[in-house]
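This report refers to the structure that appears directly beneath it.
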Amino acid sequence: MNAPPSLPPPNYRREIQRYKIQISITVILSLLFLIFMIGNPDVFLRYDIYRAFMSTMPFFGIMALSATFVVTLGEIDLSFPSVLGFSSWVFGTTYVATNSFLLSLVVCLLIGTFAGLVNGLLVARVGIPSIVATIGTMFLWRGLVNMAAQGKGIALVSLKESWMHSIFAGRLFDELPTQFIALVVIALILGFIYSRHQFGSHVLFVGDNQDSAKMMGIRVEIIKIYCFMQLGFFAALSGVFLTCEVTYFWPTQGGGMLLTTLAAVFIGGTSVFGGKGTIYGSFVGILIIGSLEAGIVAIGLTGFYVQFLYGLLITVSVSLYAVLLRRTV
Amino acid sequence: MNTQQPLLILKNISKSFGKVHVLRDINLEISSNEIVALVGDNGAGKSTLIKIIMGVHHPTRGELWYKGEHIQLHSVRRSRELGIEAVYQERALADQQSLWRNIFAGREIVNAFGVLDIKAQKKETERLLRDHMGFTSTAMSGDSEIKSLSGGEKQGVAIARALYFNADLIILDEPTMGLSLKETKKALEFIMDIRRQEKSAIFIDHNIFHVYDVADRFVILDRGSIAADYQKRELTQEQLVDKMLQLATTGSLDE
């Protein structure tokens with residue numbers, strides 16, 4: 001632990017040391033796209049595939065950015081895909097009833113935030129471990145969608161008549177999906193809060209050492225509740241983006257997003273033990289997870305390879321981080 | 001009347017947990033710029049006493065006066081506002097976080113929107129490292145993580161943090177527990193820095209040899225009461241050890 005006194009290492013080395021996780025994941029992303037480009041230059045040297053990526057990544061990506069806060073706390077949330085499903089139903093139903101995009105949006109976001117509040121209270125106040133509490137609410141919200149929708153979807157083509165639709169699922173200059181712009185803006189805002197705002201500092205501290213956070217006067221319970229609330233909010237928001245893109249609500253909406261979303265967070269280097277992570281890492285994790293499936297098919301492998309390669313990538317990257325972090329101690 | 005008012009006065013403090021009387025009529029005054037060691041066997045009530053001072057426990061009977069003010073409705077938060085700060089070994093630091101995040105944890109330098117002034121926090125941290133902790137090595141910076149520090153250095157960070165936030169009374173619970181000889185020396189130096197800053201400290205330590213070097217005064221607790229209260233000039237280290245032994249074997253300090 002105590003290095004013998006020697007010449008101080010040059011500063012750039014310390015910087016590399018400090019950002020090694022971010023550097024590693026950036027290298028992994030670059031290698032992956034290099035393989036894609038060599039494997040199928042026809043597809044990967046043209047804009048079309050990137051437009052497709054940019055239109056689909058935000059649906060789970062926004063939640064991955066937001067979930068980074070919950071994971072940094074050392075907690076987990078398994079319910080956000082169900083929250084997305086239920087709040088989408090609320091959005092669709094309200095829109096059908098009132099024809100007001102704005103009202104539907106507000107109600108939907110309130111429901112999502114409320115669902116997050118419930119998770120937060122169960123974890124921070126009632127004291128249920130988050131993995132258990134959110135298994136409960138995962139079934140609860142999905143069950144509510146099933147009961148409410150009776151298995152039926154809602155056609156929402158008329159959403160396109162609202163000017164707000166072009167904000168949520170428009171194409172800037174006919175090319176750039178607006179939901180991707182939203183993803184980048186949300187990443188910048190959350191990244192700022194994570195590393196440069198008091199709230200982020202408290203999240204890191206609580207995740208690292210809850211007892212010491214309490215002793216330092218940090219309101220641990222409130223911080224936890226806020227973290228779950230914002231994830232509920234962003235799950236609902238993702239639901240609006242998704243519903244607007246496909247102009248249809250279906251009751252299984254959000255299903256299948258759980259593990260890819262969390263995989264993006266973990267590939268991004270956020271520690272499951274809490275106290276360590278970056279929004280930048282999660283963002284690159286989103287780019288990797290979001291492009292893998294299409295990339296694998298494009299380079300000539302069948303869809304059967306997708307899960308295997310997901311697994312390989314996750315295992316290798318997470319092992320790499322474990323080794324990198326151990327070497328500093 | 002004293003020209004200098006005591007910093008902390010405990011008047012007839014008693015504490016029972018159910019039928020167990022842990023403390024009985026404790027009367028104690030702590031002056032400004034005084035390092036007081038609280039010694040005594042396990043179960044003598046040392047920890048309970050400092051927890052009452054910290055506001056963790058409430059006394060069953062008795063009064064607490066701080067800077068001439070009668071403290072009612074005592075709590076940990078209130079005691080910190082008053083300038084009483086506890087330093088618990090390691091437990092109050094977050095291992096994976098940088099020094100600058102640890103020093104300012106819960107008391108960040110922020111603007112009206114809660115945005116951190118990282119530059120100011122780093123600058124103040126580096127200043128604390130240099131001025132209070134004597135770190136000159138460039139291998140250590142405000143960006144260093146706590147886990148790269150040794151046990152004594154961690155203790156130093158916790159003490160420096162308390163001093164930075166103008167605590168007048170610092171309470172140390174077993175500051176040398178689990179430290180190597182060299183690290184213990186470092187930790188004790190940090191405690192002496194408390195006196196150089198003209199602040200007061202109460203500390204609990206089992207090792208009389210550590211205690212004797214650093215403290216100005218020794219308060220010996222025995223089964224919930226103060227058995228003896230000596231100024232350092234009144235007795236030598238050997239005499240203190242003898243007193244402790246006598247108390248442990250005969251249960252009394254009477255000759």
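The basis for the numbers below is simple: all heavy atoms, side chains too, and nothing from hydrogens, waters or symmetry mates. Below, read A as the first sequence line, B as the second, and so on, with proteins coming before strands; counting in each chain starts at 1. Small disclaimer: the values here were computed from a predicted structure and weren't measured.
- To the nearest 0.5 Å, the span separating CZ on B:Arg101 from CZ on A:Phe205 amounts to 10.0 Å.
- Annotation for B:Ala94 and A:Ser212: closest pair N-OG, 4.2 Å, computed over non-hydrogen atoms.
- Interface remark: of the candidates A:Arg219, A:Gln210, A:Arg196, A:His202, A:Arg196 forms the most heavy-atom pairs closer than 4.5 Å to chain B.
- Applying a 4.5 Å heavy-atom cutoff, the residues of residues 107-114 of chain B that approach chain A are B:Glu108, B:Val110, B:Phe113, B:Gly114.
- By the 4.5 Å heavy-atom criterion applied to side chains, A:Asn209 and B:Leu93 are not counted as neighbours.
- Sorted by first and then second residue, the salt bridge (Lys or Arg N to Asp or Glu O under 4.0 Å) pairs involving residues 156-172 of chain B (not counting sequence neighbours) are B:Lys67-B:Asp168.
- Separating the CG atom in B:Leu116 from the CZ atom in A:Phe192 is a distance of 8.0 Å, to the nearest 0.5 Å.
- More than 12 non-hydrogen atoms from other residues, nucleotides or ligands lie less than 6.0 angstrom from OH of A:Tyr321.
- Heavy-atom proximity under 4.5 angstrom to chain B picks out A:Gly274, A:Gly275, A:Lys276 from residues 266-281 of chain A.
- Heavy-atom distances place no part of B:Asp117 under 4.5 Å from chain A, backbone and side chain included.
- Contacts between residues 192-201 of chain B and chain A, defined by a heavy-atom separation under 4.5 Å, are made by no residue at all.
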